[in-house]
Structures are given as C-alpha cells and as structure tokens.
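Read through the structure below, which is laid out as structure tokens, and then see the notes.
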Amino acid sequence: MLRARLSHGLVTAMLACASLSAWAASPVAFDDFVYQGDDAAFAVPLGALQYRNPVLAGFYPDPAVTRVGDRYYLVNSTFAYFPGIPVFESEDLVHWRLLGHAIDRPGQLDFSGLGTSRGVFAPSIAHHGDTFYIFNTAVDNGGNYYVTAKDPAGPWSDPVWLKDVDGIDPSLFIDDDGRAYLLNNGPPQGTPRYPGHRAIWLQAFDLASGQPQGPRTVLLDGGVAPETQPIWIEGPHLYHRDGWYYLSCAEGGTGPQHSQVVLRARSPWGPFQPYAHNPILTQRDLPADRPDPIANAGHADLVEGRDGRWWALFLASRIYGDGHYQTGRETFLLPVEWRDGWPVILDPGHAIPQVASAPSWMRASATQAPLSGNFRWHDDFSAPALRPEWISLRAPPRWADVRRQPGTLLIEPQADGLDGHGLPSFLARRQQHARFDAEVQMQAPDAPGVTAGLALYQDEAHWYVFGIQRTAQGLQLFLQRQTPEGRRIVAQRLLPAAETLRLRIHGDAGRGDFAFDSGAGWQPLREGEDIHVLSTDLAGGFVGVTVGPYARAEAAPFQEH
C-alpha cells in the first residue's frame, strides 16, 4: 500500500512537472477585460444632494470608520483574499477612494492553506497623534493583532500580536483624556450557556508599549436581553458623547437576524444599560415580499460629520428570490438621529433606502462609480501594474504580468485549482451587481492541458470555469461547474481554429448565460444555467462572488476529467 501511494505520488509529481514545463514557456495572453453592471434599482435617477446605497457595492463587509480632520477613513474584511483590508478615504462619506491595503506583503500574514472565508475578519481603524491603527483578527493564522501607519495609504507595519487576547473583532477606543482601551468579542466567563453565547470584553491599552494591560472586564454578556439567549454579540465600538459612553455592537449573527444594538454608561467600564428600543438597526422585521429587499443589516460603526450630524456605516446585502445574494455583504450609509441621548439609525419596520439624502457638505457632481451605481469598467492592461481592483486568493499574483507585453495580461498557469486551498492563477474582481456582464478577450493557450478563460467564484466548493483547452481534436470550449455534490462539465463544444476569442458571462440574479465569439459573432454555449449555487446564503461563509481571468496547468488532459 505504501509503495502504491509513493508511486501514485511520483506520477502526480511528474504530471505536475510536465504541466509546469508547459506553462512556464507559454503563458496565456488576455487582451482586455470588461465588467458592466445594470441593476434596476441603480437606474433610479438621483435628485439634488442624494446618494446611492450601498456606497461600496459588492463584497465589502464589516465596515469600520474613523475621522481625521475633514477626511474619513474606512476599512473592510477580505478574509483569505490578497491584498487584505482595503483602506478607503472620503471627504463626504459617500464618495470613496481606495488608497491601498493594510495587508499588502506576504510577510505580514500567511494565508496558506486557509479557506476563502477564513483569514482576516472584521478590522477596526483608529487614529491618535500622528499614527493610524488597524486592529484585526487573523483567524486560523495568528490571532489578534494590529498594524500601524503614519500615512493611511501605507506602508503599514508588520503585525504586532496582542498577548492573551482571544476571540475576534478587536477595536481601539481612545478617550478625550488620551487613555486607550481595547474591546473585543470573546468567550463568556465560565461555561457558555447556549450555542453562540459570547461576551464583549474591555481592557486598558498602553499606547506607549503597544500592549493591553491590567485586568479584562466583561462589559456585555450575551447581548442586550440575556434572557432571550441572543447569539454572537460582536463588532464592539465605544463612543464618548455628552458625558455618556456608548457601546454599540452587532447581534444575531450575520444573516437575516443580524442587528445593531446600543447601551450606555457614565464610565467606559460600565455598568452599561441597554436602550429600551433596541435594536437601532435591523431588517429582520420586514415582509419578505417587499420590493428591492435589503437584508442582513448590522455591524455598524458611527462617526460624526463635519456639520455635527452623526452617520452610520454598516453592512447589509441586496437579495433576490428567497434570500439569495451573490454580491456578498456590502457597505451602506445612513444618518444617525439622537433621541433623548440615544443614537438611532433606522426605526423598526423601515426599509433601508437605496437612494437617500446626502451629507450637507457633499459635492453634488461627483459619481460613485466604480464603487456603486451602474457603470462599465474596462481594463486594457496598458498600465505598468495591475489595477488596485484586482485581488487574488491567499498570495500576490506573481503569475500575472502586465509589463512584458504592454496592453496584454500574461498569466502563467499554476497547477493549483479553484477547488483547494492553494494558490490558483485566478485574477479576481468583485461582482457588484445582480445583473452584470463579464467579458474577456484572450488568446487560445498554446500548450495542451492548459485551461484558460473566465472563472466565476464563490468559494472552494462553489464555482464555474468558462474556459478553453487545446486538445488533440482541436480547441475544446467548455463550462465546468463545482458544487459540494461534485464537478461536472455542463456544456462543451469543439471550435474551429481560432487564435483569438472572446468569452462572456451574463448573470441575472440566479440565471447565467455563457457565450463566445471565435470570429463569427456571439454564440451561446449555455443559456439559463442555474447559478443559485453561488449565492452566499446557500454556499455559507462570509464572502461574495468574484469573477475574472483564470488559467490552470491541468494534471491530466481535458478528456480525462
């Protein structure tokens, strides 16, 4: 048995080496990529001083924000995607500009072997003196840590690991007197009373040494109504206003029961009393058949605007059908109303608006594209480096090159595929619309056994590859689907000789159409494919769908799939 295993391993290694030698000499050339979104809700005209929700469309969950002067800085979760933790800047809370990423060097964190929904969870951002702080949890690859920078565009430091702080969702609160405190979600004291029972902890934080100090104290056990056994109290933030300390947290999990709650005390150590009319944000109490439904609302962070009005940035999901969504958890913006000393984001029974009145100081003429609204996004690969919208799984895309042939993306196909926890040669862009087109022009791969085309990816067990492979019979075009039930070719066609072709994926909620143009105009390969399997609510996890150019050095030729 051992000899058989060794022999099998040797054959596998030889096949991999053969594939590597093939692709090393013959990268696949992609000439351009086009993404276009066309959601009906985004087509509603804007009035004067209005904006669209979400302000960050697509997979931008767990927003956290801080204000420095008249600028605002926002960060999001990215899990096992690289680079990690985007850092955005805005002057008006509506129009955001990507400055860079806090995790942009492999030496900072190692995502090797992690599932797509592991890696970096819910970051928070703070500023004190001349330093920015991002606190975060590296789930399964290190624990709780923070990074610092003088410039929010970077460079950000290597992680500083927090000693003896378990749990997730750390955030830094710096009071008016300069004293600092560390909050986070952690296990409750003693034995958990029920599944999902968590607690919010507080500990003093010494800015000079960069570590927490003194005892840890539970501020909130379970949630605002412990007798109801609330689950997953998390995402804590502290605010100091008019003599009160406000503790605001997410509660109820990140799905349809998600919500935001608030408590207050006269000291950061408590005791905290909950608001009588919690939650201050949720969509769980709305009818399922409402138009343009938005769900999963919570995980909010509050910030004061230039005009003294407060605002909330939070996550939610635009859904279709029976709670499905492929665009993931997105970043929304709403004003905060203070009532009798309590912050309220949205009254019970009210739907999150997709068009809302903007902050009073917003520039009226600016577009929110390409972060919200309907737009066309085109990359002709003429820039000397990849555009910042591109991300990859677990590590930098060293297999991607836009310098060797300006105007062309060259991808060296890797042996790793989308089905594992490796480093596939997949250049990903977020799906930001329920109705969208993704299109690529590419050269047919030279080497037999090399797959190339477009990937539509949710996680390791839920994806499509719309690709082409050169075989002994000619160019084989195919659509491959991966689900937990297995992998299969759902459509294929042998093409006549064509060195250049275009591939297009048209998605419309749960329907996918796959077409190609090999020189004779657009032709369908597969229409009406049920792509509900890519919905986050069905796949599980915390990410949204991404799409982009893909190549792979297969271990076996196409006929042996």
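Values below: every heavy atom of this structure, side chains too, minus hydrogens, waters and symmetry copies.
Atoms CZ and CG, on Arg97 and Leu74 in that order, are 14.0 Å from each other to the nearest 0.5 Å. Note: Leu98 CG to Leu371 CG = 8.0 Å, rounded to the nearest 0.5 Å. Atom OG1 of Thr137 is separated from atom CG of Asn144 by 4.0 Å, given to the nearest 0.5 angstrom. Distance CG/Leu501 to CG/Leu477: 7.0 Å, rounded to 0.5 Å. Rounding to the nearest 0.5 angstrom, the gap separating the CD1 atom in Ile531 from the CD1 atom in Ile505 is 8.5 Å. Once rounded to the nearest 0.5 Å, the distance linking CD of Gln476 with CD1 of Ile489 reads 8.5 Å.
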For side-chain contact (heavy atoms from CB on, under 4.5 Å), just list the numbers for Arg394 and His421, CA-CA rounded to whole Å, side-chain angles, deciding distance to a tenth of an Å, and then say yes or no.
CA-CA 8 Å; Arg394 302 180 188 89; His421 293 172; 3.9 Å; yes
Would Val34 and Arg376 count as a side-chain contact (heavy atoms from CB on, under 4.5 Å) if you check the C-alpha gap in whole Å, the side-chain angles of each, and the deciding distance to 0.1 Å?
CA-CA 7 Å; Val34 177; Arg376 181 178 186 270; 3.7 Å; yes
Stepwise, does the side-chain hydrogen bond (donor to acceptor under 3.5 Å, both in side chains) test hold for Tyr81 with Thr546?
CA-CA 11 Å; Tyr81 277 100; Thr546 56; 2.9 Å; yes
Apply salt bridge (Lys or Arg N to Asp or Glu O under 4.0 Å) to residues Glu529 and Arg481 and explain how you reach the verdict.
CA-CA 10 Å; Glu529 171 71 12; Arg481 180 179 65 209; 2.6 Å; yes
Would you please test Glu412 and Arg404 for salt bridge (Lys or Arg N to Asp or Glu O under 4.0 Å) and show each step?
CA-CA 12 Å; Glu412 295 180 342; Arg404 196 184 320 176; 3.5 Å; yes
Quick one, Asp39 with Arg318, criterion salt bridge (Lys or Arg N to Asp or Glu O under 4.0 Å). Give me CA distance, side-chain angles, the key distance, then yes/no.
CA-CA 11 Å; Asp39 282 354; Arg318 292 171 294 148; 3.0 Å; yes
Should Glu460 and Asp419 be marked as a side-chain contact (heavy atoms from CB on, under 4.5 Å) after you check the CA-CA gap, both sets of side-chain angles, and the distance that decides it?
CA-CA 4 Å; Glu460 302 83 8; Asp419 54 334; 5.7 Å; no
Yes or no on salt bridge (Lys or Arg N to Asp or Glu O under 4.0 Å) for Arg71 and Glu91, after CA distance, side-chain angles and deciding distance?
CA-CA 5 Å; Arg71 301 293 176 100; Glu91 297 180 10; 3.4 Å; yes
Can you check side-chain contact (heavy atoms from CB on, under 4.5 Å) on Val160 and Tyr145, steps first, answer last?
CA-CA 5 Å; Val160 178; Tyr145 71 96; 5.9 Å; no
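A donor-acceptor contact closer than 3.5 angstrom is absent between the side chains of Asp459 and Thr116. Side-chain polar atoms of Glu554 and Thr451 form a donor-acceptor pair below 3.5 angstrom. For the residue pair Gln441 and Arg502, a side-chain donor N or O sits within less than 3.5 Å of a side-chain acceptor on the partner.
In this structure, the side chain of Asn296 does not engage the main chain of Ser317 through any donor-acceptor pair within 3.5 Å. Using modelled atom types, one side-chain atom of Ser77 and one backbone atom of Ala122 make a donor-acceptor pair closer than 3.5 Å. Judged by distance alone, the side chain of Gln108 and the main-chain N or O of Ser157 form a donor-acceptor pair under 3.5 Å. Remark: side-chain polar atoms of Asn53 are paired, donor with acceptor, to backbone N or O of Leu333 under 3.5 angstrom. Counting only distance, with no hydrogens or angles, the side chain of His299 and the backbone of Thr254 share no donor-acceptor pair below 3.5 Å. Side chain of Thr78 to main chain of Ile85: a donor-acceptor pair is present (N/O by atom type, distance under 3.5 Å, no hydrogens or angles). Side-chain atoms of Gln432 come within 3.5 Å of backbone atoms of Pro370 as a donor-acceptor pair (strictly under, hydrogens ignored). Not one N or O on the side chain of Thr500 forms a donor-acceptor pair closer than 3.5 Å with the backbone of Ala444. Put simply, the side chain of Asp416 gets close to the backbone of Leu423: a donor and an acceptor are under 3.5 Å apart. At least one donor-acceptor pair under 3.5 Å links the side chain of Gln326 to the backbone N or O of Ala509.
Annotation: side chain of Tyr35 is not in contact with side chain of Asp379 (no heavy-atom distance under 4.5 Å). When side chains are defined from C-beta on, Leu313 counts as touching Val55, because their heavy atoms get closer than 4.5 Å. Taking 4.5 Å as the limit, every side-chain heavy atom of Asp530 sits out of range of all side-chain heavy atoms of Arg511. Looking at heavy atoms from C-beta onward, Phe426 lies out of side-chain contact with Ser392 at the 4.5 angstrom threshold. Side-chain contact between Leu386 and Pro397: present, with at least one pair of heavy atoms (C-beta onward) separated by less than 4.5 Å. The shortest side-chain heavy-atom distance between Trp463 and Arg487 falls under the 4.5 Å cut-off. With contacts defined as side-chain heavy-atom distances shorter than 4.5 Å, the pair Tyr133/Ile125 does not qualify. Side chains of Gln482 and His462 form no contact here, defined as non-hydrogen atoms less than 4.5 Å apart.
Annotation for Ala551 and Val28: closest pair CB-CG2, 4.3 Å, computed over non-hydrogen atoms. Between Gly528 and Asp513, the shortest heavy-atom contact is N-OD1, 2.8 Å. Scanning all heavy atoms of the two residues, the minimum distance from Pro63 to Asp301 falls at O-CB, 4.0 Å. What you find for Met442 and Ile468 is that their closest heavy atoms are CE-CG2, 3.9 Å. The two atoms that bring Ile352 and Ala297 nearest to each other are CD1-CB, 3.7 Å, heavy atoms only. Closest approach of Ser518 to Leu495, counting heavy atoms only: CB-CD1, 4.5 Å.
Proximity of the aromatic rings of Trp377 and Phe436 is defined here by a centroid distance below 6.0 angstrom, and this criterion is not met. Note: Phe381 and Phe30 fail the aromatic proximity criterion, with ring centroids not under 6.0 Å apart. Taking the ring centroids of Phe375 and His433, they lie under the 6.0 Å cut-off. Under the 6.0 Å cut-off for aromatic ring centres, Tyr320 and Tyr325 do not qualify, their centroids lying 6.0 Å or more apart. Between Phe88 and Tyr60, a ring centre-to-centre spacing shorter than 6.0 Å is recorded.
For the pairing with Phe466, the ring-ring contact (aromatic ring centres under 6.0 Å, His included) check across Phe514, Phe478, Phe516, Tyr550 returns one residue only, Phe514.
When the shell of 6.0 Å around CZ of Arg403 is examined, it contains 12 or fewer heavy atoms from other residues, nucleotides or ligands.
A cation-pi arrangement, defined by a distance under 6.0 Å to the six-membered ring centre and an angle within 45 degrees of its axis, is absent between Arg429 and Trp390.
Between Phe135 and Tyr146, the ring planes are parallel. Angles under 30° get that label, and only those over 60° would be called perpendicular.
Residues in residues 105-119 take part in these salt bridge (Lys or Arg N to Asp or Glu O under 4.0 Å) pairs, two or more places apart or across chains: Arg105-Asp158, Arg118-Asp140.
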